[in-house]
Amino acid sequence: MPRWKLFYRVMMRPLFREPVRLGLMVLAVGLGVAVVLAIELAGNAAAGSFHSSMESLAGDNDLEVVAWGGVPEALMGTLATLPYPLRISPRMEDFAVDTRTRETVPLIGLDLIAEGSRYASETDASNVNSKYKATLEKSVRDLENPESVWISASLGKRTGERISLLINDRVLDCVVRGVFPSTSGNEHAILMDIAGAQRALNRFGRVDRILIKLPANSTVEDWQKKLSSVLPPGVEVRLEGTGTEENRKMLAAFRWNLRLLSYIALVVGAFLIYSTISVSVVRRRSEIGIVRALGAERRDVLAAFLGEAACLGLAGALMGLPLGRIMAGGAVKLMAATVESLYVSSRPGAIALTPYSLALALLIGVGMAVVSALSPAREAMQVSPVDAMAQGRREYVARAHKGRDLAIAAVLAGLAALAAQMPAFRGKPFFGYLAAVLLIAAAAYAMPALVNFISRTAAGVLGKLFGVEAMLASRSLAASLRRTSVLVGALATAVAMMVSVGIMVGSFRQTVVSWMNHQLPADLYLRPAGNAASDRHPTISMELVETIAKLPGVAAVDRLRAYEISYDGMPATLASADLRVLRAYRESDFFSGRPTGEVLAELRGKNNIIVSEPFTYKHKVNTGDTITLSLGEARASFQIVDIYYDYASERGYILMDRDVLLKYLPDETPTNLAVFLVPDAKVAEVRKAIQEVAAGHRILIFSDRDLRTEAVRIFDRTFAITYALEAVAVVVGVMGIAGALIALVIDRRRELGLLRFLGASSGQIRKMILVEAGLLGLLANLAGFVLGYFLSLILVFVINKQSFGWTIRFHWPVAVLLGALTVVYAATLVSGLYPAWVAVRLNPLEVIHEE
Amino acid sequence: MAILSLQNVSKEYTSDRQSVRALDGVTLDVAGGEFVALVGRSGCGKSTLLHLAGVMDFPTSGTVGIEGQPTSDLSDAQQTLLRREKIGFVFQSFQLLHTLTVQENVELPLQLAGKAGARELAIERLQWVELDGLGARYPLQLSGGQMQRVAIARALAHSPRILLADEPTGNLDTTTGGMILELLLRLTREQKTATIVATHSLEATSVCDTLVKLRDGRVEEVTRR
Ligand SMILES: Nc1ncnc2c1ncn2[C@@H]1O[C@H](COP(=O)(O)OP(=O)(O)O)[C@@H](O)[C@H]1O
Ligand SMILES: [Mg+2]
């Protein structure tokens with residue numbers, strides 16, 4: 001008989017006799033694989049595709065010239081007069097909002113005459129761009145019109161139609177002069193002539209980037225040096241696309257953490273595979289002995305059990321693929337929203353199920369299954385032919401080395417404590433993750449002793465409380481100690497994750513809320529309409545600012561200006577505030593603990609700055625350090641006088657006095673206004689007055705309260721995905737309990753039948769199984785809670801701190817935790833219903849049949 | 001008066017469209033204190049008869065009556081109640097729960113029935129089978145004969161009217177088996193149970209009050225002494 005046939009008969013066929021259990025196991029593995037795949041796919045789609053559309057429209061360039069606050073146009077002349085054969089293309093890059101769809105679309109201003117003629121000369125060689133060329137040629141003729149735009153086909157407008165765009169705080173009614181094919185399915189873009197764009201954006205004399213194409217066969221580094229030497233110090237010459245790279249780098253930590261969270265469900269799945277194969281080995285001990293006696297070798301036995309696991313893993317992976325693709329759809333929306341509010345403008349790209357992602361799914365599904373089956377399969381290999389024969393009728397009780405395991409657990413926990421003390425490695429909290437993994441392993445090893453202790457002590461108490469059924473249930477769990485421990489371990493891991501992330505998020509939320517309570521002292525806040533993102537800083541027209549400042553009831557207006565910059569290879573935000581405006585701060589938010597007024601006074605008129613906490617972690621700087629910033633064409637040094645807690649963004653923030661910033665970047669338009677009212681003014685009235693004078697502008701007005709509500713909403717949305725991931729892990733754990741209880745019922749059918757002979761009613765049998773489910777749930781919740789508490793310490797004080805740079809104050813989210821634990825507990829009870837039904841339906845005459 | 005009475009009882013099993021007549025028109029009365037030995041070849045219907053008598057199964061035709069009450073009319077709850085009150089089972093392979101101590105095994109039927117004083121009753125039953133002092137042990141620490149005595153103590157825990165033993169000596173050597181049969185006989189007399197023992201043992205046929213020979217589901221011969 002061929003081997004695979006034998007394998008099928010001996011190993012696979014018994015699985016199909018318990019279809020529900022088999023289905024649950026495959027589904028559990030499938031969910032684990034699906035979650036990992038979904039996060040991987042969604043992460044790729046959600047990460048900064050706005051920038052990729054800007055890059056794809058940039059064409060093939062080698063270098064880019066950038067300066068924070070804009071590159072002076074005069075430098076175009078400097079570059080053009082150099083005796084080098086360079087192709088130079090200036091760019092304006094910003095965002096506009098399509099007022100019809102309310103979507104944010106990249107707005108790109110380029111020198112259409114120059115680029116148009118270039119395309120015209122290049123397209124003789126390739127006709128790929130001929131459509132583009134024709135469009136552009138015709139477009140050149142319409143250039144005189146300042147409201148001419150060329151849009152990507154994905155925006156769904158035709159040439160000649162009108163499109164109204166919100167740019168900064170104004171709506172511009174534009175005519176579509178041409179449509180160009182979208183680079184990929186759904187990447188929108190709007191092109192303008194560079195002069196038109198400067199006018200629309202109200203930014204004159206500066207461009208955002210100058211792209212440079214070098215002559216063929218030249219060394220990029222040499223040119224970079226050569227060009228830098230002729231440009232002012234504040235202007236940077238760097239590889240084209242560096243910005244996109246920097247954004248990716250910034251997103252790396254975020255994606256890393258999500259990715260790791262997504263592996264939790266898989267770890268829970270691994271426990272279940274381990275448990276399934278262990279059960280399979282214990283059940284087939286005598287069969288293994290017989291097969292060995294008939295001439296099978298040890299490695300055949302090993303291969304058979306690993307093969308069984310691999311089949312489960314493969315089935316799970318195949319199920320996980322479509323499931324993961326569906327989940328990715330939901331995940332990408334949540335992730336894109338988070339990316340945009342915390343990091344960088346983004347528009348989710350298409351989810352691409354690549355051969356790589358297929359391979360990943362199969363690899364983690366099968367790999368995880370085989371690895372988790374190694375230990376039980378090795379145990380099966382140890383079974384000797386005599387061993388199994390000698391067993392006779394006596395049941396084999398799986399060995400559990402409680403004492404030894406407890407010692408291992410203690411060592412692992414010690415190592416975890418050590419790892420938690422280690423600093424970040426290359427900006428990533430590797431040792432933090434290591435500590436978490438060690439802690440979970442320690443818990444797994446401590447589980448047998450815990451389960452043994454609790455179920456034995458519980459037996460008496462439960463017996464008194466819930467009767468003989470409860471006593472029998474706890475005895476049976478203690479008797480199959482190893483199996484029970486693995487199950488409890490699986491669910492406990494899921495619960496621990498839920499608890500730890502729950503505590504982390506709850507602490508974070510509480511920290512943010514209390515931070516906001518003494519953070520926002522103004523009465524009203526204004527910003528241009530359109531979707532907010534942490535790297536977009538649309539401006540408010542000056543004349544509106546003047547008008548608002550003169551309104552009755554307004555005491556003062558703080559003009560805030562923010563620029564998107566890059567410091568030391570990482571994106572950051574540079575902001576200035578009008579420190580002449582007096583404000584009443586409630587509490588200090590500084591590392592030094594000094595009053596806010598005192599710190600801000602040090603900034604006035606000097607090259608002094610304060611930076612946000614995440615900035616200090618990203619760049620390893622501290623109070624007293626001096627950093628050099630490129631502003632406009634100059635480079636200037638600034639001293640850090642203090643560090644402030646900031647939970648609004650993970651980007652680093654630098655804040656300086658408005659007057660100081662204006663010396664370097666003389667653009668007076670603010671990006672945000674903070675309006676302070678005179679003591680007895682009515683907020684609602686002033687708000688109405690502002691709305692009236694701002695009629696021609698698109699601005700949003702927030703009260704202090706609005707802003708806080710909005711911040712909390714964004715916060716909750718940000719963490720929605722982590723809740724979803726935990727929920728999946730818990731579902732996998734609960735399914736494992738259900739599957740395992742079915743196995744337990746099957747394996748104990750003789751005992752259950754006997755109880756009927758001894759006068760047990762079907763209700764008592766049902767109750768016994770439900771008490772077992774309840775006891776498993778209780779143990780898992782208990783162990784999970786304790787483990788979760790320790791994991792949350794690692795999350796809050798090590799992993800979060802090292803990867804994001806936020807100081808979070810520990811806080812127990814009691815209501816959330818109680819709710820979640822109750823739901824898990826209820827779910828385990830419910831998961832016992834089907835096994836209980838199976839137990840009641842067993843025919844005692846058949847199961848007790850003896851020869 | 002007969003405690004257990006089978007009137008023209010037949011039992012058919014249908015599996016895979018084949019029907020097997022395990023019992024065919026069996027009539028039998030067993031009185032309190034009566035020890036019935038049930039003999040016959042393997043497959044002749046002994047276990048089936050015990051299951052019907054123990055309200056674990058029901059006849060296809062005819063009636064099984066326990067103290068005058070036909071078992072077929074009872075609801076599931078009433079059947080359970082009947083088993084708890086009136087019936088004790090002893091099995092060939094003892095069927096003790098290995099996770100419970102000897103004492104706890106004997107207490108089990110009482111606890112399942114929710115009876116008070118399980119502890120004292122169990123201690124007394126263990127004295128009946130001469131195992132006093134072994135209550136704290138686990139079944140796997142006992143010999144086969146001792147295990148079967150525990151099983152008998154358990155079967156008698158709730159003072160049943162009917163004691164059913166399916167080849168109780170099948171897993172024991174002849175000497176130990178003989179002792180078990182003597183114990184069963186003694187307890188039948190003391191407790192006035194209606195006892196049926198399915199057996200191959202020759203000794204059983206010599207000590208019993210009534211010898212029932214089954215053949216292919218029919219009563220071939222009834223010998224009363
Ligand atoms: N559940 C069942 N389904 C089908 N046939 C059965 C079943 N139980 C017993 N039988 C058949 O009924 C007959 C009597 O069986 P049983 O009472 O177990 O005999 P004994 O105990 O005397 O060896 C046998 O032929 C057996 O195959
Ligand atoms: Mg039989």
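- With a 4.5 angstrom heavy-atom cutoff, B:Leu81 does not touch chain A via any of its atoms.
- A:Ile848 CD1 to B:Met56 CE: the interatomic distance, rounded to the nearest 0.5 Å, is 7.5 Å.
- For the pair A:Leu472/B:Leu100, a side-chain contact is recorded, criterion being any heavy-atom separation below 4.5 Å from C-beta on.
- For B:Tyr13, the OH atom sits in a packed shell: over 12 heavy atoms of surrounding residues, nucleotides or ligands are nearer than 6.0 Å.
- At a 4.5 Å heavy-atom cutoff, the contact between B:Leu96 and chain A is made by backbone atoms alone.
- Heavy atoms from other residues, nucleotides or ligands lying under 6.0 Å from CZ of B:Arg161 number more than 12.
- Inter-residue side-chain proximity for B:Phe89 and A:Leu754 is flagged as unmet; no heavy-atom pair is nearer than 4.5 Å.
- Residue-environment remark: CZ (A:Arg404) exceeds the threshold of 12 foreign heavy atoms within 6.0 Å.
- If you measure heavy-atom distances from A:Leu755 to chain B, the contacts under 4.5 Å come from both the backbone and the side chain.
- Shown here is B:Phe58, whose CZ atom has more than 12 heavy atoms of other residues, nucleotides or ligands within 6.0 Å.
- For the atom pair B:His51 NE2 and A:Phe757 CZ, the distance stands at 4.0 Å (nearest 0.5 Å).
- Interatomic distance, CZ of A:Arg475 versus CG of B:Leu97, reported as 10.5 Å (0.5 Å rounding).
- When side chains are defined from C-beta on, B:Gln111 counts as touching A:Met471, because their heavy atoms get closer than 4.5 Å.
- A:Leu758 places none of its side-chain heavy atoms less than 4.5 Å from the side chain of B:Arg84.
- Atoms CG and CD, from B:Leu112 and A:Gln764 in turn, are 5.0 Å apart once rounded to the nearest 0.5 Å.
- The 12-atom threshold is exceeded at CG of A:Asn843, counting heavy atoms of other residues, nucleotides or ligands nearer than 6.0 Å.
- Around the NZ atom of B:Lys213, the shell of radius 6.0 Å holds no more than 12 heavy atoms that belong to other residues, nucleotides or ligands.
- Residues B:Thr99 and A:Ala479 share a closest heavy-atom pair of CG2-CB, 3.1 Å.
- Contact count versus chain A (heavy atoms, under 4.5 Å) is highest, among B:Gln79, B:Glu85, B:Glu107, B:Glu104, for B:Glu104.
- You'll find the side chain of A:Ser762 reaches within 4.5 Å of the side chain of B:Asp76, heavy atoms only.
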